[in-house]
There are 4 protein chains.
Amino acid sequence: MKTKELILETAKELISEVGYHKTTTASLAKRANISEGTIYRHFESKEDVLVHILKDLDARYARFVEGLLGQGPICLVDEMLRQHLAFVEENSLAIKIMLVTYKLIDSAREVMESVVARLSNFFSVCLAKENDNHRLQDISVQDAAHILLIFLFALTRAKLYWPDLGDLTEPAILFCRRGLLRE
Amino acid sequence: MKTKELILETAKELISEVGYHKTTTASLAKRANISEGTIYRHFESKEDVLVHILKDLDARYARFVEGLLGQGPICLVDEMLRQHLAFVEENSLAIKIMLVTYKLIDSAREVMESVVARLSNFFSVCLAKENDNHRLQDISVQDAAHILLIFLFALTRAKLYWPDLGDLTEPAILFCRRGLLRE
Amino acid sequence: MKTKELILETAKELISEVGYHKTTTASLAKRANISEGTIYRHFESKEDVLVHILKDLDARYARFVEGLLGQGPICLVDEMLRQHLAFVEENSLAIKIMLVTYKLIDSAREVMESVVARLSNFFSVCLAKENDNHRLQDISVQDAAHILLIFLFALTRAKLYWPDLGDLTEPAILFCRRGLLRE
Amino acid sequence: MKTKELILETAKELISEVGYHKTTTASLAKRANISEGTIYRHFESKEDVLVHILKDLDARYARFVEGLLGQGPICLVDEMLRQHLAFVEENSLAIKIMLVTYKLIDSAREVMESVVARLSNFFSVCLAKENDNHRLQDISVQDAAHILLIFLFALTRAKLYWPDLGDLTEPAILFCRRGLLRE
DNA sequence: TATGAATGAGTTTTCATTCAT
DNA sequence: GATGAATGAAAACTCATTCAT
């Protein structure tokens, strides 16, 4: 693994464990078995490390959504949620970081907004299709997209932060179908 | 206003605006028009200020839930969500603080867990009643409670952090009723 | 007890227990059940409290020496040491304070010097008498006085700080007599 | 000189001059011509600097005693005192610090106790030999060891803090021999 | 590229002292 | 005389960043 990647991976672990402010450049260097100075050979600042982690997440998510949309016309609520939660699982560390930093650090907020915009747009597209098929309950596509959006974040947080609640995926999918779609 | 309350109110503003770590005792003192030393006459440490804010929120929430449960046998999903969101509005600053600190500061996590336990218990009680009346869809009371729990937090976050999404209260209530209850 | 005395007595306890720097005006006020401001009604500063304690000790010691010298021509080494150690016991707190502060606080050093001068002079007078009676070993009166002086301080410290060593009074007196006097 | 040693040497000077509490990290850094932060690269805390000074003294003293005991069976009171006072002269700063801090700072007390234990044990061994040769006056070995112990500390303090008294080494040795040993 | 010692501005915290009541 | 809240200067300590090697 290249040094730069090593720093990023280590930072992901550390920040998701203890938070951005409690992750010091000293602790990061120690955990990665490099010197503090080396961090600054690869990144402009501590915040820059964070930005790289989040920008990378944003890019992965962009590819993920592209992949989903390219799969064809099928775009069911079930599938959408299931796949998203799989994405969450694969990118849990970076997502954890995004969710706790976007209110605290400006550069993180921008990335969060980009992800949210992409996600929101994706849901709108999918739900518009369902609406065309008259499968949507009487709710505006936009409201439905927003509700789906925040509900997905809720599930994400449940998965990442409250694993004690158990795996809510299946009942949640059922709940969403009933809540949004006609039989 | 007593100095102690002044400090707490100012801290609520400041922390909810810029976060706990960026709120320094110096900035807090300046905003409250007191000296830094005065903070330490009333609180043991900076973290103690945070704990007071959150413990106070926990107490308010306990009273709120007690009030709801005391209102009588009526305990509909509609009402539950509406009242909770009103509570959120009235305590928006402290709730914002709780939501961004509970993953970062141990003492905040404890308060969060207390609030969640109370809320979860409340939802279980309410949904058990709906279940007795055979109004609950085929979903376990516990799963339903958990889903309601995380969805309420999602709505709270939407209200506090993403006001651009507009007021989702009514569509969200409809969504929940459809998702959880029979006609 | 007058407030001023109460403060002095409490300060003696506290300073001899934890030292001058760790004795804060807040802890002193709390232990004495008065307010911090009250200390400043009776003393100019925290150091002034210390000075009063030590000046008082100095005065007591002056009276003590006067008493000894007034007792008549008898002035044996035995008696001198025994009486001094009794004085130490009666004024243990203030002496403890003097012994740990005289190197650290200027005003304390002055008092210590006064006590030492008085003590040294007293020993010189006594030993000069012994010398006139040809009871002193071949050692100058001054050297003998100095040795007695530092040995007395050593015994004092042993009594106050190393009680585990047991009561060394009697063997110490024997040691001194053998060391300084002819049979 | 390495920075760590520079800090230790400077701290020795400063603390022995003005005391531990009046030695601030700022004054230490200034005197050593380094920044305050540098102190904390080499030591965990201000107290840790003190502990290093005292632990180092303890180690030196251990080596010194080992050296003395290894010199062979000769172990006369004269020699013992003379050598110890030479040790005091060579380590005057650290010893000064130990003598004024051991009542005030817990970690210093521990080191003092270690030194005292070593010293006490050493004196017991030596005096037991003198006793075997029937050279000891009628005094228990333990009492004699304790008296020698406190008398040595008295001489140490005289040397370090009351140089005005002149060099008492020779009369003090004579005094001890007469006080403890038979002709 | 990598190091790691050094920096210094910034942070929390302490505490003797003051002063309006 | 007594109070105790408020002060502010100074203390210990932290940490992102730099730079000579």
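In what follows, chains are A, B, ... by sequence order, proteins preceding strands, each numbered from 1.
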- From the options dT3(E), dT18(F), dA12(F), select the nucleotide whose nearest atom is closest to the side chain of Y40(A). dT18(F)
- To the nearest Å, how far apart are D48(B) CG and dT13(E) C1'? 13 Å
- Nearest heavy-atom approach of T25(A) to I39(A) is O-CD1, 3.6 Å
- Item | Length of the CZ-P vector between F43(C) and dT18(E), whole Å | 16 Å
- So, R63(C) and E90(C), do they make that salt bridge, N to O below 4.0 Å? no
- Task: Please determine, for the side chain of T3(C), which listed nucleotide (dC15(F), dT17(E), dA2(F)) has the closest atom?
- Result: dA2(F)
- DNA chain F: 5'-proximal contact among A26(D) and G37(B) (nearest heavy atom): G37(B)
- Message: Is there a side-chain contact between T24(A) and the phosphate of dC15(F), meaning an N or O under 4.0 Å from OP1 or OP2?
- Response: no
- Query: I39(C) CD1 to dT3(F) C1': how many Å, rounded?
  - Reply: 12 Å
- Once you round to the nearest 0.5 Å, how far does CD1 of I53(D) lie from CG of L93(D)? 9.0 Å
- Task: Round to the nearest Å and state the distance from K22(A) atom NZ to dC13(F) atom P.
- Result: 19 Å
- Query: Between E36(D) and K46(A), which has a closest nucleotide on DNA chain F that is more 5'?
  - Reply: E36(D)
- Query: Start at the 5' end of DNA chain E and walk down; is the nucleotide closest to N33(A) or to H21(B) reached first?
  - Reply: N33(A)
- Under a 3.5 Å limit on both distances, the Watson-Crick or wobble mate of dA20(E) is dT3(F)
- Task: Output yes when R109(C) and D106(C) qualify as a salt bridge under the 4.0 Å nitrogen-oxygen rule, no when they do not.
- Result: yes
- Query: Starting at NZ of K30(A) and ending at C1' of dT3(E), how long is that distance when rounded to a whole Å?
  - Reply: 17 Å
- Point-to-point distance, once rounded to the nearest 0.5 Å, from NZ of K22(A) to NE2 of H21(B): 5.5 Å
- Is S27(C) touching bases, backbone alone, or none of the nucleic acid, heavy atoms closer than 4.0 Å? nothing
- Ranking dT1(E), dG8(F), dT7(E) by distance to the side chain of S35(B), first place goes to dG8(F)
- For I7(D) and dA6(E), what is the distance between atoms CD1 and C1' respectively, to the nearest whole Å? 10 Å
- Task: Go through dA6(E), dT17(F), dT7(F) for me and flag the one nearest to the I34(B) side chain.
- Result: dT7(F)
- Note on the structure: By the Watson-Crick or G-U definition, both distances under 3.5 Å, dA9(E) is matched with dT14(F)
- May I ask you to verify if any side-chain N or O of R41(D) is less than 4.0 angstrom from the OP1 or OP2 atom of dA6(E)? no
- Query: Closest to the H42(C) side chain: dA16(F), dA16(E), dA2(F)?
  - Reply: dA2(F)
- Message: If the cut-off is 4.0 Å, is T38(B) near the phosphate of dT7(F), judged by side-chain N/O to OP1 or OP2?
- Response: yes
- Please report the closest heavy-atom contact between A32(D) and L6(D), naming both atoms and the distance. O-CD2, 3.5 Å
- Message: What is the separation between atom NZ on K2(D) and atom P on dA5(E), rounded to the nearest whole Å?
- Response: 9 Å
- Counting heavy atoms from C-beta on, name the nucleotide in dT17(F), dA6(F), dA2(E) closest to the side chain of S45(A). dT17(F)
- Message: From CD of E44(D) over to P of dA12(F), roughly how many Å is that when rounded to an integer?
- Response: 16 Å
